[in-house]
Amino acid sequence: MMGALTDRFGRHHTYLRISVTDRCNLRCTYCMPEHGIDWTPPQQILQTDEIIRLARLFVSMGIRKIRLTGGEPLVRRDTVDIVAALAKIEGLETFAMTTNGIGLAEEAARLHEKGLTTLTVSLDSLRRERFQAITKRDRFPDVMKGIEAALAAGFAPLKINIVVMKDVNDDEILDFVAWGRNKLVDLRFIEYMPFPDNHWSPGGLLPYAEIRARISEHYQLLPVVGDASAVGKEFTLAGHIAHVSFITSMTESFCGTCNRLRLTADGNIKSCLFHPAEKNLRDVMRAGGSNDELAGLIAAAVQAKPAAHPPVEELIHVENRAMIAIGG
Ligand code: SAM
Ligand code: SF4
């Protein structure tokens, strides 16, 4: 299928990640620069009707999956309203959200009821003190309550994102498997990626092959054959309910089958997580621009998408937004 969302390398873009805020109630060291970021003033953040208009336009152009992210999407007061509106867009097949789990205990059932189909919760440690050291906030019990509520609400499988950092939490890989193995979860072990001022160093990266080998010493991992554009290598865990996935952005990047576009909270379309070029859709909308004009800008961003992100040793020097201001 050729179309405005097909790039120079024949990649069809069917997946849009929308960041609804750059604010967050955690300060994860691997995501948020130590000196903080300058929060985008509220008037520069996309309003609900602007998000809905763009989401409809993207779906009319071929997007089939949308994920809401942030910052922390649940800190935005009207996120549930955004969910309710986007869930009604005809043609949207998968509607997901990634959250740190704070506030989820209160919202999980409503999010499910309003039409969110898939949920991911991030959790990098099962130990309260370590959770606090990584996130700079003592909110571990809230996250665990959020996970329970999400499972009870019917998000199945519930995806759990775990960023693996050598000498920080890599000693918990097997603890995570033991914790989740008989739950309806997909444990997604993510390779640690470099972003401006996020403490990344080559020594902190634990390659996927090693994470997998450590699990394989104790469990039999059986590959799940799935969507070719999925970023995770997914496995079942023989004799257990959970799935285990590996997000290998650093050691085995998946640029060749990338089908993702990103919309930042301030209304910029970003064609690649590691490519600084962006086109602002917010200002065009606010100046009275038509959907055709917006579609033209989106198509131009897709055409400018690079074939692949630079190798890991160069990524450290790439000028980019902080992860918290992109949304993963
Ligand atoms: N606040 C939400 C959360 O934490 O789930 C959503 C936004 S967060 C930026 C999206 C995902 O990116 C999270 O799962 C987080 O763990 C992941 N992430 C952030 N920084 C990362 C890094 N340096 N390397 C790998 N994953 C990272
Ligand atoms: Fe906030 Fe998510 Fe980034 Fe942690 S990973 S600082 S929870 S946006």
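One-based numbering along the sequence shown. Indexing begins at 1, ligand by ligand and atom by atom, following the structure's order. Keep in mind that the numbers below use all heavy atoms, side chains included, and drop hydrogens, waters and symmetry copies.
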When rounded to the nearest 0.5 angstrom, what distance separates OG in S271 from CD in Q303?
-> 10.0 Å
Indicate whether the side chain of S290 and that of D292 have a donor and an acceptor atom separated by less than 3.5 Å.
-> no
Compute whether any side-chain donor of one residue and acceptor of the other, for R67 and T120, lie under 3.5 angstrom apart.
-> yes
Contact check: [X] vs ligand 1, nitrogen or oxygen atoms, below 3.5 angstrom:
X: Y192; value: no
X: E72; value: yes
X: T99; value: yes
X: I190; value: no

Show me which atoms of ligand 1 lie under 4.0 Å from any heavy atom of [X].
X: M193; value: 22 (C), 23 (N), 24 (N), 25 (C), 26 (N)
X: C31; value: 9 (C), 19 (C), 20 (N)
X: T69; value: 6 (C), 7 (C)
X: N161; value: 14 (O)
X: N198; value: 23 (N)

Quick test of your reading of the structure: of [options], whose heavy atom lies closest to [atom]?
atom: atom 14 (O) of ligand 1; options: S122, G70, S19; value: S122
atom: atom 2 (Fe) of ligand 2; options: S19, C24, G70, G101; value: C24
atom: atom 25 (C) of ligand 1; options: R17, M97, E191, M32; value: E191

Donor-acceptor pair, [X] side chain versus [Y] backbone, under 3.5 Å?
X: E191; Y: M250; answer: yes
X: T264; Y: N268; answer: yes
X: N280; Y: D283; answer: yes
X: N198; Y: P194; answer: no

Evaluate the ring pair (Phe, Tyr, Trp, His ring centres under 6.0 Å) criterion for residues F195 and F274: first the C-alpha distance (whole Å), next the side-chain angles of each, then the deciding distance (0.1 Å), finally the verdict.
-> CA-CA 9 Å; F195 286 92; F274 293 107; 5.4 Å; yes
For ligand 1, note which part of W200 has a heavy atom under 4.0 Å away: side chain, backbone, both or neither.
-> neither
When distances are taken from atom 3 (Fe) of ligand 2, the protein heavy atom at minimum range is C31 SG, 2.4 Å
For atom 6 (S) of ligand 2, the closest protein heavy atom turns out to be C28 N, 3.3 Å
Between D7 and R11, does at least one N-O distance fall below 4.0 Å, as a salt bridge requires?
-> yes
Of all the heavy atoms in G71, does at least one lie under 4.0 Å from an atom in ligand 1?
-> yes
When F189 is tested against each of I215, T248, V163 for side-chain contact (heavy atoms from CB on, under 4.5 Å), which residue passes?
-> I215
Does the cation-pi check pass for K233 over F246, that is, NZ or CZ under 6.0 Å from the six-membered ring centre and within 45° of its axis?
-> no
Quick one: which ligand 2 atoms are inside 4.0 Å of a heavy atom on G71?
-> 8 (S)
